[in-house]
Visitor: 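Sharing a structure, written as structure tokens. Questions coming.
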Amino acid sequence: MYFPTMRMRRLRKDSRIREIVRETKVYKKDLIYPIFFKDSLNKGEKEEIPSMPGEYRYSLEAGVEFAKKLESQGLKSIIVFGVPNIEQKDEIGTPAYTKDGIVQKAIRLLKKQTNLVIISDVCLCQYTSHGHCGIIRKNDCADFGYEILNDETLTYLSKVALSHAEAGADIVAPSDMMDGRIEAIRNTLDENGYENVMIMAYSAKYASAFYEPFRKAVDSSPLTGDRKTYQMDPANATEAIRECELDVLEGADFLIIKPALPYLDIIKTIKEEFNLPLVSYNVSGEYSMIITAIEKGFLKENAIIESLTSIKRAGSNLIITHFAPYLLENNLLD
Ligand code: PBG
Ligand code: ZN
């Protein structure tokens with residue numbers, strides 16, 4: 001049976017019909033909001049991020065107030081990032097794992113004042129003087145005159161994750177891309193009585209150009225070189241399956257694909273291959289492109305829901321996105 005008997009447009013006839021045949025929907029509960037806490041800001045202060053129009057770095061108190069507001073509008077989870085004082089940065093990223101670090105303070109206050117699911121980004125790059133996600137050692141034969149040490153870095157990442165768990169994080173999310181970090185963190189958490197703290201692994205994290213606005217926002221660009229010896233080559237897909245496989249074996253509870261929009265094929269493949277909750281990171285560059293086009297009038301705001309819907313349609317269960325406040329404030333989702 002085909003035209004004129006069969007007519008596809010019948011299923012698009014009006015908004016009631018379209019609503020009941022719609023296959024994919026983004027819900028408020030699917031959103032994870034990435035929030036930036038900056039140590040040097042005064043109580044109540046926030047600072048606009050030039051590379052990410054409409055987004056801010058918050059002081060402890062201002063950030064928690066904002067999180068409370070989002071929670072009242074239906075937000076369920078938040079992922080916490082820290083911007084430490086510049087003079088505290090060192091070779092080994094000490095401010096990432098001190099008890100009174102900015103992230104640890106933010107987690108404690110969020111835990112006390114909200115009922116949000118608290119996720120913490122576990123990495124060293126905002127906290128190291130060189131801006132890399134791991135410990136470095138001079139090596140004249142290496143591309144930029146130094147190498148990023150894998151196994152040594154695991155010790156520090158484990159300290160960071162433990163300090164976040166101690167502060168009250170529900171989930172830790174390592175974003176460094178060192179080998180073996182999920183196992184190292186799982187063991188450390190378990191040995192310290194945090195066997196119920198979950199690990200959301202940035203399993204397939206690509207060496208992407210779309211992180212640029214974030215790096216400007218949190219001052220985490222590598223001083224020299226790039227992240228290509230640890231983050232994945234954007235050209236590779238099968239390698240993403242191996243990365244996820246290993247993280248699952250090491251004990252990951254959630255898998256993250258990052259970025260999202262330029263990697264929808266990876267999201268789809270990983271959803272088909274693994275039975276874990278899948279998270280996509282709609283990164284800073286994806287946010288800034290769309291928000292800037294909207295500001296300029298080149299796009300309308302409906303581009304936001306369309307792009308997030310495509311991420312869910314590809315197979316993502318949860319989406320980390322800077323668009324969360326816009327969607328919640330305007331009550332655009334169920
Ligand atoms: C660092 C980190 C990055 C992002 C989250 N954690 C960037 C990077 O690898 O340099 C990117 C987030 C975004 O662009 O929104 N480990
Ligand atoms: Zn990092």
Side-chain angles (χ1 to χ4, degrees), residues 31-37 49-57 78-84 89 91-93 95-97 102-103 119-136 148-150 153-154 156-157 159-161 164 171-179 181 185 200-234 243 256-263 279-292 307-308 311 319-325:
L31 307 177
I32 302 173
Y33 179 57
I35 187 164
F36 303 130
F37 285 94
I49 303 170
S51 59
M52 302 177 68
E55 283 288 85
Y56 296 84
R57 288 176 284 254
I78 199 161
I79 179 163
V80 179
F81 291 87
V83 185
K89 295 192 186 198
E91 284 269 301
I92 56 171
Y97 51 85
I102 179 64
V103 167
I119 307 165
S120 68
D121 182 82
V122 172
C123 204
L124 298 179
C125 50
Q126 287 109 284
Y127 308 89
T128 49
S129 42
H130 45 74
H132 278 290
C133 305
I135 305 303
I136 65 172
I148 286 95
L149 301 173
N150 193 87
T153 301
L154 301 183
Y156 295 91
L157 293 170
K159 281 178 198 264
V160 178
H164 293 176
I171 306 176
V172 293
S175 66
D176 52 282
M177 287 300 278
M178 298 299 130
D179 288 319
R181 82 251 211 242
I185 291 172
M200 189 180 273
Y202 287 80
S203 300
K205 178 174 177 181
Y206 286 89
S208 172
F210 292 91
Y211 306 150
E212 202 52 36
F214 168 94
R215 292 182 187 171
K216 290 201 169 80
V218 304
D219 183 31
S220 71
S221 295
L223 229 47
T224 61
D226 53 43
R227 303 208 202 287
K228 290 181 185 167
T229 68
Y230 41 110
Q231 298 180 348
M232 286 178 57
D233 184 336
E243 285 285 1
I256 307 181
I257 307 298
K258 179 181 177 182
L261 290 175
Y263 296 85
V279 185
S280 299
Y281 202 137
N282 182 224
V283 300
S284 57
E286 301 173 49
Y287 170 81
S288 294
M289 277 195 300
I290 291 181
I291 210 75
T292 307
S307 56
L308 296 185
I311 296 169
I319 306 172
I320 303 174
T321 181
H322 289 279
F323 287 118

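In listed order, ligands and their atoms are each counted from 1.
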Visitor: Check whether any heavy atom of Gln231 sits under 4.0 Å from an atom of ligand 1.
Guide: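 In this structure, Gln231 qualifies as a contact of ligand 1 - some heavy atom is under 4.0 Å.
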
Visitor: Can you confirm if the NZ or CZ of Lys258 lies within 45° of the ring axis of Tyr211 and under 6.0 Å from the centre of its six-membered ring?
Guide: yes

Visitor: Is there a nitrogen or oxygen of Arg227 sitting under 3.5 Å from a nitrogen or oxygen of ligand 1?
Guide: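 By distance alone, the answer is yes.
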
Visitor: Under 4.0 Å from a heavy atom of Lys258: give me the atoms of ligand 1 that qualify, with their elements.
Guide: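 Within the 4.0 Å cut-off of Lys258, ligand 1 contributes 2 (C), 3 (C), 4 (C), 5 (C), 6 (N), 11 (C), 12 (C).
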
Visitor: Side chain, backbone, both or neither: which part of Tyr287 has a heavy atom under 4.0 Å from ligand 1?
Guide: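 Neither part.
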
Visitor: Okay, side chain of Asp121, backbone of Phe81: is any donor-acceptor separation there less than 3.5 Å?
Guide: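 No, because the side chain of Asp121 does not come within donor-acceptor range (under 3.5 Å) of the backbone of Phe81.
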
Visitor: Counting both backbone and side chain atoms, is some N or O of Ser175 under 3.5 Å from an N or O of ligand 1?
Guide: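 Yes - when backbone and side-chain N and O of Ser175 are compared with those of ligand 1, one distance drops under 3.5 Å.
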
Visitor: Relative to ligand 1, is Cys125 under 4.0 angstrom through side chain, backbone, both or neither, heavy atoms considered?
Guide: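 The answer is the side chain.
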
Visitor: Look at ligand 1 and say whether Lys205 reaches it with a heavy atom at a distance under 4.0 Å.
Guide: yes

Visitor: Give the atoms of ligand 1, by number and element, whose distance to some non-hydrogen atom of Tyr281 is under 4.0 Å.
Guide: 12 (C), 15 (O)

Visitor: How does Cys123 reach ligand 1, if at all, at less than 4.0 Å between non-hydrogen atoms: by side chain, backbone, both, or neither?
Guide: side chain

Visitor: Would you mind checking which non-hydrogen protein atom is closest to atom 15 (O) of ligand 1, with the distance to 0.1 Å?
Guide: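 Its nearest protein heavy-atom neighbour is Ser284 N, 2.7 Å.
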
Visitor: Where does the angle between the aromatic ring planes of Tyr97 and Tyr156 fall among parallel (under 30°), tilted (30 to 60°) and perpendicular (over 60°)?
Guide: tilted

Visitor: Do any N or O atoms from the side chain of Glu286 and from the backbone of Pro259 form a donor-acceptor pair under 3.5 angstrom?
Guide: no

Visitor: Please say whether Ser220 places an N or O atom under 3.5 Å from an N or O atom belonging to ligand 1.
Guide: no

Visitor: Where the Zn ion (ligand 2) is the centre, what is the SG-to-SG angle for Cys123 and Cys125, rounded to 10°?
Guide: 120°

Visitor: Which residues pass the side chain to side chain donor-acceptor pair (under 3.5 Å) test with Tyr33, not counting sequence neighbours?
Guide: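 Only Glu55 meet the side chain to side chain donor-acceptor pair (under 3.5 Å) criterion with Tyr33.
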
Visitor: Looking at Lys205 and Ser175, would you say the former's side chain and the latter's main chain have a donor-acceptor pair under 3.5 Å?
Guide: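 Here the side-chain-to-backbone pair exists.
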
Visitor: How far is atom 10 (O) of ligand 1 from the closest protein heavy atom, and which atom is that?
Guide: Arg215 NE, 2.5 Å

Visitor: Look at the aromatic rings of Tyr287 and His322 and report parallel, tilted or perpendicular, splitting at 30° and 60°.
Guide: tilted

Visitor: Mind listing the closest non-hydrogen atom pair of Cys133 and Thr153 along with its distance?
Guide: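 Nearest pair, atom of Cys133 first, then Thr153: O-CG2, 3.8 Å.
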
Visitor: Does Ser51 reach the main-chain N or O of Pro213 with its side chain, forming a donor-acceptor pair under 3.5 Å?
Guide: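 Yes, the answer is positive, given that a donor and an acceptor are paired below the 3.5 Å cut-off.
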
